[in-house]
Amino acid sequence: MEPTEDRIVYISRTETFSAAHRLFNEKLTDVENEKVFGKYHSVNGHGHNYKVRVTLRGPVHPVTGMVFNLTILKRLMTECIMDVLDHKNINVDVPHFRHTVPTSENIVIFIWNQLKSKLDDDLLYEVHMQSKESDAATYRGENAAGLSQLH
């Protein structure tokens with residue numbers, strides 16, 4: 001039988017949080033915001049039940065048989081995601097989003113950065129978040145260097 005510590009395994013944990021937000025950019029006029037964000041620009045905002053999945057990757061430890069202890073991952077997700085975002089108005093209650101549009105794209109990058117500061121290098125593989133059944137954003141720590149803008 002081959003040793004497992006030389007194999008890379010992906011493990012994931014999923015949590016759900018509820019939050020409200022308003023999509024708008026303070027640098028745009030109301031008309032421009034309405035054109036870009038449509039009904040999601042409403043002054044009263046709107047909410048989602050977000051489902052976020054965090055995936056770690058690494059070798060299986062020869063003693064513990066784990067890539068990472070899922071109990072610790074649950075604690076980190078509580079600290080970095082649930083305590084920060086759950087039942088919050090993201091625009092108002094999360095300082096990072098006071099001047100950043102809280103799109104799903106920006107939220108997954110924010111979550112990535114929150115978790116990355118607490119995990120060893122190369123352990124965090126992916127943050128995947130659904131804002132509704134049909135819409136999702138995924139981030140793997142990549143930057144746009146070398147990519148042409150598509151929009």
Side-chain angles (χ1 to χ4, degrees), residues 7-60 66-151:
R7 304 297 177 110
I8 299 297
V9 175
Y10 297 77
I11 61 168
S12 299
R13 178 165 179 86
T14 302
E15 293 285 350
T16 301
F17 67 93
S18 299
H21 67 150
R22 175 183 178 216
L23 298 181
F24 77 101
N25 186 321
E26 59 193 13
K27 295 175 185 170
L28 300 176
T29 66
D30 282 339
V31 171
E32 290 169 322
N33 272 300
E34 180 70 33
K35 184 176 180 182
V36 173
F37 301 113
K39 68 181 181 180
Y40 303 109
H41 168 256
S42 169
V43 173
N44 295 319
H46 66 284
H48 296 283
N49 292 317
Y50 294 93
K51 185 183 290 187
V52 62
R53 182 183 68 233
V54 172
T55 302
L56 307 180
R57 73 165 174 208
V60 176
M66 297 183 285
V67 170
F68 191 80
N69 188 318
L70 287 174
T71 301
I72 296 171
L73 180 57
K74 177 182 179 180
R75 180 179 51 78
L76 292 174
M77 289 177 72
T78 297
E79 290 174 17
C80 296
I81 301 169
M82 305 305 288
D83 292 348
V84 178
L85 296 169
D86 191 33
H87 287 84
K88 305 287 192 219
N89 179 327
I90 295 173
N91 302 80
V92 176
D93 299 326
V94 183
H96 176 80
F97 289 104
R98 291 196 183 130
H99 302 289
T100 300
V101 181
T103 59
S104 292
E105 294 90 335
N106 284 330
I107 295 170
V108 293
I109 292 170
F110 173 78
I111 292 170
W112 173 279
N113 290 334
Q114 293 280 103
L115 289 166
K116 189 70 174 166
S117 70
K118 301 196 182 270
L119 292 166
D120 292 338
D121 286 346
D122 297 326
L123 188 59
L124 183 58
Y125 175 70
E126 177 179 274
V127 175
H128 176 84
M129 186 182 74
Q130 287 185 254
S131 56
K132 52 186 176 178
E133 189 69 29
S134 58
D135 299 336
T138 302
Y139 184 60
R140 293 184 179 154
E142 301 142 330
N143 62 42
L147 294 178
S148 63
Q149 292 296 325
L150 300 176
H151 49 303

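The shown structure was predicted, so the numbers you read here are calculated from the model rather than taken from an experiment. Numbering of residues begins at 1 and proceeds along the displayed sequence.
Here the shortest heavy-atom pairing between Arg13 and Met77 reads O-CE, 3.6 Å. What you find for Asn49 and Ser18 is that their closest heavy atoms are OD1-OG, 2.5 Å. Considering every non-hydrogen atom in both Val108 and Thr138, the closest pair reads CG2-C, 4.4 Å. Here the closest heavy-atom approach between residue Ile90 and residue Leu85 is recorded as CG1-CD2, 4.2 Å. Across every non-hydrogen atom of Lys116 and Leu124, the tightest pair is N-CD2, 3.9 Å. Contact detail for Ser12 and Leu70: the closest heavy-atom pair is O-CD2, 4.3 Å.
Remark: Glu15 does not engage Lys74 in a salt bridge, criterion side-chain N to carboxylate O under 4.0 Å.
Ring pair Phe24/Phe37: centre-to-centre distance not below 6.0 Å.
Rounded to the nearest 0.5 angstrom, Asp93 CG and Asp86 CG are separated by 11.5 Å. Atoms CH2 and CD, on Trp112 and Glu142 in that order, are 8.0 Å from each other to the nearest 0.5 Å. Here the straight-line distance linking atom NZ of Lys35 with atom OG1 of Thr29 works out to 10.0 Å at 0.5 Å rounding. If you take CD1 on Ile81 and CD1 on Ile111, they are separated by 4.5 Å, rounding to the nearest 0.5 Å. Expressed to the nearest 0.5 Å, how far NE2 of His41 lies from CD of Glu34 amounts to 6.5 Å. Expressed to the nearest 0.5 Å, how far OH of Tyr10 lies from CD of Glu126 amounts to 9.5 Å.
Val67 has its side chain out of reach of Pro59: every pair of non-hydrogen atoms, C-beta onward, lies at least 4.5 Å apart. Under the 4.5 Å side-chain criterion, counting only non-hydrogen atoms from C-beta, Phe68 is in contact with Leu73. For the pair Val52 and Thr14, the minimum side-chain heavy-atom distance is 4.5 Å or more.
The environment of Lys88 atom NZ is dense: over 12 non-hydrogen atoms of other residues, nucleotides or ligands sit within 6.0 angstrom. Few gaps surround CD on Glu26; more than 12 heavy atoms of other groups in view lie less than 6.0 Å from it.
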Is there a side chain to side chain contact (heavy atoms under 4.5 Å, CB included) between Asn25 and Val36 once you walk through the steps? CA-CA 9 Å; Asn25 186 321; Val36 173; over 6 Å; no

Side chain to side chain contact (heavy atoms under 4.5 Å, CB included) between Val60 and Met66, intermediate numbers included: CA-CA 5 Å; Val60 176; Met66 297 183 285; over 6 Å; no

What's the verdict on side chain to side chain contact (heavy atoms under 4.5 Å, CB included) for Thr103 and Ile107, showing C-alpha distance, side-chain angles and the deciding distance? CA-CA 6 Å; Thr103 59; Ile107 295 170; over 6 Å; no

Step by step, would you call Glu105 with Phe110 a side chain to side chain contact (heavy atoms under 4.5 Å, CB included)? CA-CA 9 Å; Glu105 294 90 335; Phe110 173 78; over 6 Å; no

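Judged by distance alone, the side chain of Arg57 and the main-chain N or O of Ile8 form no donor-acceptor pair under 3.5 Å. A donor-acceptor pair under 3.5 Å is absent between the side-chain atoms of Glu79 and the main chain of Leu76, judged by distance alone. Between the side chain of Ser42 and the backbone N or O of Lys39 there is no donor-acceptor pair closer than 3.5 Å. Side-chain atoms of Asn91 never come within 3.5 Å of backbone atoms of Phe97 as a donor-acceptor pair (strictly under, hydrogens ignored). A donor-acceptor contact shorter than 3.5 Å is absent between the side chain of Asp135 and the backbone of Ser131.
Under the 3.5 Å distance criterion, with hydrogens and angles disregarded, no donor-acceptor pair is assigned to the side chains of His46 and Arg22.
The aromatic rings of His21 and Tyr50 stand perpendicular to each other, their planes meeting at an angle above 60°, with 30° marking the opposite boundary.
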